[in-house]
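What's counted below: heavy atoms across the whole structure, side chains too, no hydrogens, waters or symmetry copies. Here is how names work: the chains are called A, B, and so on, in the same order as the sequence lines, proteins then strands, and each is numbered from 1.
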Amino acid sequence: MNAPCIAGVGLTPFGRQEGSDTLSLMSRAAELALDDAGLTRADVDGLLTGYSTTHPHLMLATVFAEFFGLQPAYAHGVQVGGATGLAMVDLARRLVQAGAAERILVVAGENRLTGQTRDQTIQTLAQVGEPDHEVPNGASVLAYYALLASRYLAATGCGERDLAELSVLMRRNASRYPGAHLTKPIGVDDVMASKPIATPLKQLDCCPISDGAAAVIVARRGSVPAAQRGAVITGGGQAHTHQHLSAAPEPVAVGATQAVGRALGEAERRIGDMELLGVYDSFTVTLAELLEASGVSGPGQAPADARHGRFDLDGELPLNPHGGLLSYGHAGVAGGMSHLVEAVRQLNGTSPLPAGKGPGLALVHADGGVMSSHVSLILEGSS
Amino acid sequence: MTLPGLDPASEGVPPRLERCSRCGRAWLIQRGFCPHCGARETRSESVSGQGRVEAVTVVHRSVQESAIGPAPYGIALVALEAVPGVRLMALTPEPVAIGDPVTVSRHGERGAPYLARPGGAAGEGRKR
């Protein structure tokens, strides 16, 4: 099989990591991934990094390579917002397939919680908006997703209590997952009673801001020992439909439909074949839109599917067993990689919270911006 | 960040779009060429701000004051009637709901802040 494999994964705890910074967090995740793969620094011949809002730099990949002790033959950064992590892994597998490198370290992390104020984070994120026509209204990423949520509710007939189901499910998973940022179990009433952020979104519809890091090693299967040939990447697809909400297509999440379709096409699979999902969930509405646009749930049905247990750990199609961004936490690019790390663990049988049926086929999907950039990957167990 | 304040009672001016002189399509963000057909012949034009509310939120948590004051303040996404496919994000001094007819006015030199007020025709629905 020509499909590159994921030879190792690393994920730090998310949440408050006092005294950490971008490079220390990235280093920790990279160490974990190398240990998991049974590889050393000298084995890494390619490096891809994301961006860090607490360590903005023109050359983050090179800064990290020097700091961590790598001299890769290929290295650079990648930026597509929340989709960056999966875009890097998609690129890494294409580089491996093209013969540009054999063992590529993909790593991201930042101290987004302790390294800057909450207001600074929100202000940075607001810049995904249009500077002349959107931002000067007083809009933020919270407002963009709130607008999206109001349309979702109006179009589907769902209510705020329906969206809350997705937050409740993510918290239930995180409450049992080591390293999760938010672990106190919640119910729909707790979500409804949480303080308003931007209607219809309340605090518990929104992911937290976390410190944390994640890393994976994408490798040519023949370049790592047989025991380290973990899950393989059999398909990948992207779609980049717009940047700003005021220029979004109709339907707004059509990019997810396109990206998932391209990934499934390459993997020669159908959406109904999937046995595990890792889907980006910056807000409850993000998760609902992506589950429906990808064809996993019917229009307006994602919350009901969650309520009826379809996405539970022992359900038909387990979703984000680590608790997703909504509860494991969101540390920027690393947050978007956490779903992939967990999917690989599930497929390899190494997750601390194994899904009931031992999944062999997974879809991971992330979006950046406001449903702007989409990346999907299909992962299959190697056995 | 400090945003320019504005008098919520001010009239503002109509929204301004850029239009292609060759294929005739119009868009919001000024760029000096047509993103559809690539023509370099474009013109800036004012259009009617009449439209319909597509999405709406009341922002309760904000790091900055809006042009019409601190949170809570309303923001709507408005689909312009005259130019299909063009949406404007606008502050809403009065409550509006999805589907409501509104009129959008421009209050910034380059664009935002925009205000969306209830009523499909200019002046209509302005209860002061």
Exercise. Should the heavy atoms of other residues, nucleotides or ligands under 6.0 Å from CZ of B:Arg43 be counted, would the total exceed 12?
Worked result: yes

Exercise. Considering residues, nucleotides and ligands other than A:Glu250, do more than 12 of their heavy atoms fall under 6.0 Å from its CD?
Worked result: yes

For this session: Look at the side chain of B:Ser66 and the backbone N and O of A:Gly138, then say whether any donor-acceptor pair between them is shorter than 3.5 Å.
Result: no

Could you tell me which portion of [X] (side chain, backbone, both or neither) has an atom closer than 4.5 angstrom to a non-hydrogen atom of chain B?
X        : result
A:Glu130 : side chain
A:Leu245 : both
A:Pro131 : neither

For this session: Working to the nearest 0.5 Å, report the span between CZ of B:Arg61 and CD of A:Gln203.
Result: 9.0 Å

Exercise. Rounded to the nearest 0.5 Å, how far does OG of A:Ser140 lie from CD of B:Gln64?
Worked result: 7.5 Å

Residues from [range] approaching chain A under 4.5 Å (heavy atoms):
range                     : value
residues 69-83 of chain B : B:Tyr73, B:Ile75, B:Ala76, B:Leu77
residues 85-92 of chain B : B:Arg87, B:Met89, B:Ala90, B:Leu91
residues 21-30 of chain B : B:Leu28, B:Ile29

Exercise. For chain B, which residues of residues 142-169 of chain A have at least one non-hydrogen atom nearer than 4.5 Å to it?
Worked result: A:Leu142, A:Ala143, A:Tyr144, A:Ala146, A:Leu147, A:Ser150, A:Arg151, A:Ala154

